[in-house]
Amino acid sequence: MKYDPLVIEEKWQKKWEEEKTFKVTEDRDKKKYYLLEMFPYPSGRIHMGHVRNYTIGDVVARYKRMKGFNVLHPIGWDAFGMPAENAAIENRIHPSKWTYENIAQMKKQLKRMGFSYDWDRELATCDAGYYRWEQLFFIWMYEKGLAYKKRSSVNFCVKCDTVLANEQVEGGLCWRCGTDVTEKVLDQWFFKITAYIDELLEYCDRLPGWPERVLAMQKNWIGKSFGCLVDFPLEEGPGAIQVFTTRQDTLYGATFMLVAAEHPLVTELTRGKPCEKDVQAFVEKVKKQDKMKRTSDYYEKEGLFLDSYCLNPLTGSKMPIFAANFVLADYGTGCVMAVPTHDQRDFEFAKKFNLPLIVVIQPEDKELDANTMAEAYVDEGYLVNSGQFNGMLNTQVLDAIADYLEKEGKGKRTVQYRLRDWGISRQRYWGAPIPMINCEKCGIVPVPEKDLPVVLPQNVTFTPAGGSPLSTLAEFINTTCPRCGGRASRETDTMDTFVESSWYFARYCSPKYDVTPGLERQAVDYWMPVDQYIGGIEHAILHLLYARFYTKVLRDLGVVGVTEPFTNLLTQGMVCKKTIECPEHGYLFPEQVADNKCGLCGREVLISETPVKMSKSLKNVVDPDYLVKTYGADTARIFCLFAAPPENDLDWSDKGVEGAFRFLGRLWRIVDDYLEDIKSVATVSGSPELADDLKNLRRKTHQTIRKVSADIEDRFHFNTAISAVMELVNALYALKRPDKTDQVALSVIREALEAAVLLLAPIVPHITEELWQTLGHDTPAADTAWPVFDQAAASEEQMTIVIQINGKLRSRIMVPVDCDAETIKADAQNDERIAALLAGAKILKVIYVPKKLVNVVVAS
RNA sequence: GCCUGGGUGGCGGAACAGGUAGACGCAAGGGACUUAAAAUCCCUCGGAGCAUAGCUCUGUGCGGGUUCAAUUCCCGCCCCAGGUACCA
């Protein structure tokens, strides 16, 4: 019988669907395992990134299931977001229709991959049955002050026509479309993520199951720094300029003051002065500059003297005040004390404006001279020119100076963060409505809980002009105030879609529960936290930080019992492929190229040196449907796992896919070959006396079970697990075919074949189910216990001992495993080759590493 | 600049507590089967050298060090990828 993947895959998928094989419920007698992959955005078609991500997850889910765990493995749809709205404008199709059609299509594709999801838990975040709870949580957060509205300057993407959170601005560009981000002043809803800032930071050190680099990125993003707020009195009149610094050790060296150009102080200080006009012009210039900020690498440090002075609080010396383009208005106080000798930016500024330099930190190994310094000195040293603190090491004087400032009432200790509150208002239609009402009399009033959900209206029209259709839809906006009964209007902003993905993992525990608060506590307590979360590294900050924050909020609202949502995190690499480029026609699909020539113009094409992330625009994508049609889902799955360990990028190789397919064929044929002979033979049991080649095969079988179990369990290294099974299959091919009547030999072969099939069952579930059935089993492989290795059968009787002379490999000997050290050392030296090499040499010592090698050290 | 990772054959990758470098697969070459091809099965496969059934030297980005022994540990550098960037 030939291996026909398409027939057997559809057969088993149908069975899984009909029998609801992977449906789970809470079972207190079994240990739970919650495995989750990041849910997809329903863009219309799955791509290789999905195939890889979901295959990795599926292997772990199926493996844990065979190990006896009660495995929750759900899937759903991150269904709100921009593309649906864009499709509505371009193709005159309602976002809802577009989204649900895409879901139907992608669901079919996922089922065709054979993933072991509990489809009864499927959810879509655009369902009112989902987001109504999010609206409830919003109201509860509002009541606790964790959601608030504020007029503020926000990041705005003109193309997406909406606001972006700080985290959604990448290098000054919109994370989604890459457009330059501009600033806008708007009334916005925020989540007070800063209320949890210390807990978020602290738990970065309590997530040992997370990759170090993800935690490092989150820590950086939070950006906690310890320092002082110091007051610099103005020279004229009352008042002072407050600055934040982490370098109070350099305070005696502060010779001028820098203020962010946008800071109100700039206008205040120059009002009525001759320089006022110039200063205003400068401010306007910097504001414009600001928009261009990150598009150029660096721009010139610029500043303007404000014709005002303040006083250094410790030395009393006069410090000129400048407006500067490189001081950030929204970090610290927007004002910075400048210490040109020990800060490179201040140094450059001082040189440009010819400002005084005072050395206050002196290194041990050289003498700094303010007149000849070519750059700022930023390393450790001893304080000089610093009054009572002279002679102390700068890194140790920070506390003393902070104490002094506090005692003198000139400053105080403080902590600064980089992380800002999460702006969640979006001026878009296709999102969860913010359940708030604006009343002229009562102000902002939450929608009463009994009136939830605030359903997104269906009858809207989209125009290419953009803007949210909600903001002009009278029947949605007009309402009455729940408090005073008067006329009022609804909030027309919707929530950032990252809000939906911040709690979907909890909803999966009780996806249909429709009683407040939408999360059935018993179920949530049983399943949460997620034991293993798998997804792309691109969400290292955005989604993963928001989800951690939201989980803590839900905990404090009393609806979940966990503090952190994801115990273990695996970030898988991207799927990459080389690009083909024609000098005239740009990127080409492989089928547009023949003999390295462009099919359109015949010119030589350029193939990229390294593979790059698959993307439609680079035309280097591989269509999963095509793969499945040609080779089957099992081949697609095993290739994705075999080509690279999960955290590496995966370089696509068409030849590699064929190799994967070839291996499955090899497995199929070896089973098929032996089928007749082993039909009525039982698997070997006990520890019978076996001839050498059979004993070796049996040993290989048990060693393979041991290795595959460890590779999957401990490291998710499926590539080495697959290699191990390949070796076992190779060993089966290498074995001399025993006689049909040799029951003992055939029982050993059956054991090896069954092991190979079961060990591959989580990886290639269709072919293995079929083979398992063919081998005469009524219980499906998926419901069969994971094989256990027999220590005795796996252990070697003989071992190879490597013999080195002065660390160089010179010979090998075989000895029984129980051979004692002295015998081995003696045998090693008596080995024919070694003895010859040792003749006449002076042996200094002989080292024996148990079970590994003997190293004879001789005088050279 | 700073913070993470990472540099191993022609390629993807093994070597998981310092102990046989290159498992497994791809590509390549050879052979068997076949009228032929495909498919399949088997063999060879880091480099150099030689008295070529084998042996020797060399080899894990570069330079040092520790050790009987280093892809693995330490120090210094180079390169690549990701993150972040005037954060005071």
Side-chain angles (χ1 to χ4, degrees), chain A residues 2 170-172 211-221 223-225 227 243-247 250 254 258 293-294 297-299 301 324-328 330-339 342-346 348-349 378 416-418 537-538 540-541 571 573-574 610-611 639 642-645 647-660 662-663 665-666 669 707 710-711 714-715 717 719-727 729-730 733-734 800-812 833 844-858:
Chain A
K2 205 174 151 278
E170 296 178 346
E212 195 52 50
R213 63 174 173 152
V214 173
L215 295 171
M217 281 189 225
Q218 293 212 350
K219 283 185 202 170
N220 277 337
W221 191 260
K224 185 176 191 174
S225 54
V243 306
F244 170 73
T245 181
T246 55
R247 292 298 305 275
T250 63
L258 297 168
K293 206 177 222 169
R294 280 105 181 182
D297 270 4
Y298 263 106
Y299 53 99
K301 287 180 181 37
N325 65 342
F326 61 93
V327 176
L328 300 174
D330 61 352
Y331 184 79
T333 62
C335 304
V336 184
M337 67 173 198
V339 184
H342 305 293
D343 181 287
Q344 188 57 27
R345 292 158 299 180
D346 297 346
E348 285 166 30
F349 195 89
V378 295
Q416 277 292 323
Y417 298 91
R418 209 178 84 111
I537 185 73
E538 65 272 18
I541 297 171
T571 48
M574 300 179 297
T610 51
F639 171 75
F642 183 65
E647 59 274 17
N648 286 23
D649 283 348
L650 186 154
D651 295 340
W652 193 262
S653 153
D654 292 329
K655 293 285 193 203
V657 175
E658 280 176 38
R662 216 151 39 216
F663 169 65
R666 244 167 109 74
R669 278 187 304 275
K707 174 149 179 69
D711 282 350
D714 308 339
R715 313 194 296 164
H717 277 204
N719 55 335
T720 52
I722 294 165
S723 319
V725 182
M726 285 175 169
E727 284 185 55
V729 170
N730 289 349
Y733 272 89
T800 307
I801 297 293
V802 165
I803 312 171
Q804 300 179 334
I805 295 175
N806 285 352
K808 283 193 198 262
L809 179 86
R810 284 293 180 262
S811 186
R812 297 178 171 90
R833 297 198 48 215
L844 300 176
K845 62 174 156 175
V846 179
I847 293 156
Y848 171 57
V849 181
K851 296 182 186 342
K852 293 262 158 68
L853 58 74
V854 172
N855 188 11
V856 184
V857 184
V858 299

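Lettering of chains follows the sequences in order, A, B, ..., and the numbering in each one begins at 1.
For A/Lys655 against B/rC11, no side-chain N or O and base N or O form a donor-acceptor pair under 3.5 Å.
Counting only distance, with no hydrogens or angles, the side chain of A/Asn855 and the backbone of A/Ile847 share no donor-acceptor pair below 3.5 Å. Proximity of a side-chain donor or acceptor of A/Asn719 to a complementary backbone N or O of A/Ala644 within less than 3.5 Å is not detected. A donor-acceptor pair is defined here as one N or O able to donate and one able to accept, closer than 3.5 Å; no such pair exists between the side chain of A/Glu647 and the backbone of A/Thr571. A distance-only check finds a donor-acceptor pair linking the side chain of A/Asn806 to the backbone of A/Val858 [under 3.5 Å]. Between the side chain of A/Arg810 and the backbone N or O of A/Arg833 there is no donor-acceptor pair closer than 3.5 Å.
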Summary of protein contacts for nucleotides 13-23 of chain B, nucleotide by nucleotide, where a base hit scores B, a sugar-phosphate-only hit scores S (4.0 Å, heavy atoms): SSSB--BB--B
Between the protein and nucleotides 58-61 of chain B, which nitrogen or oxygen pairs come in under 3.5 angstrom?
unit_1, atom_1, unit_2, atom_2, d
B/rU58, OP2, A/Lys808, NZ, 3.1

Measure all distances between protein nitrogen or oxygen atoms and nitrogen or oxygen atoms of nucleotides 42-50 of chain B, and list the pairs falling under 3.5 Å.
unit_1, atom_1, unit_2, atom_2, d
B/rC42, OP2, A/Arg666, NH1, 3.3

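At the heavy-atom level, A/Val856 lies nowhere under 4.0 Å from the strands shown. As judged by a 4.0 angstrom heavy-atom cut-off over every strand, A/Val336 is placed among the base-contacting residues. Within the 4.0 angstrom heavy-atom criterion, only backbone atoms of the sugar-phosphate kind lie near A/Gly659; the bases stay farther away.
Take the nearest nucleotide of RNA chain B for A/Arg833 and for A/Tyr417: the residue whose nucleotide is more 5' is A/Arg833.
Distances shown here put a side-chain N or O of A/Arg662 below 4.0 Å from the OP1 or OP2 atom of B/rC26.
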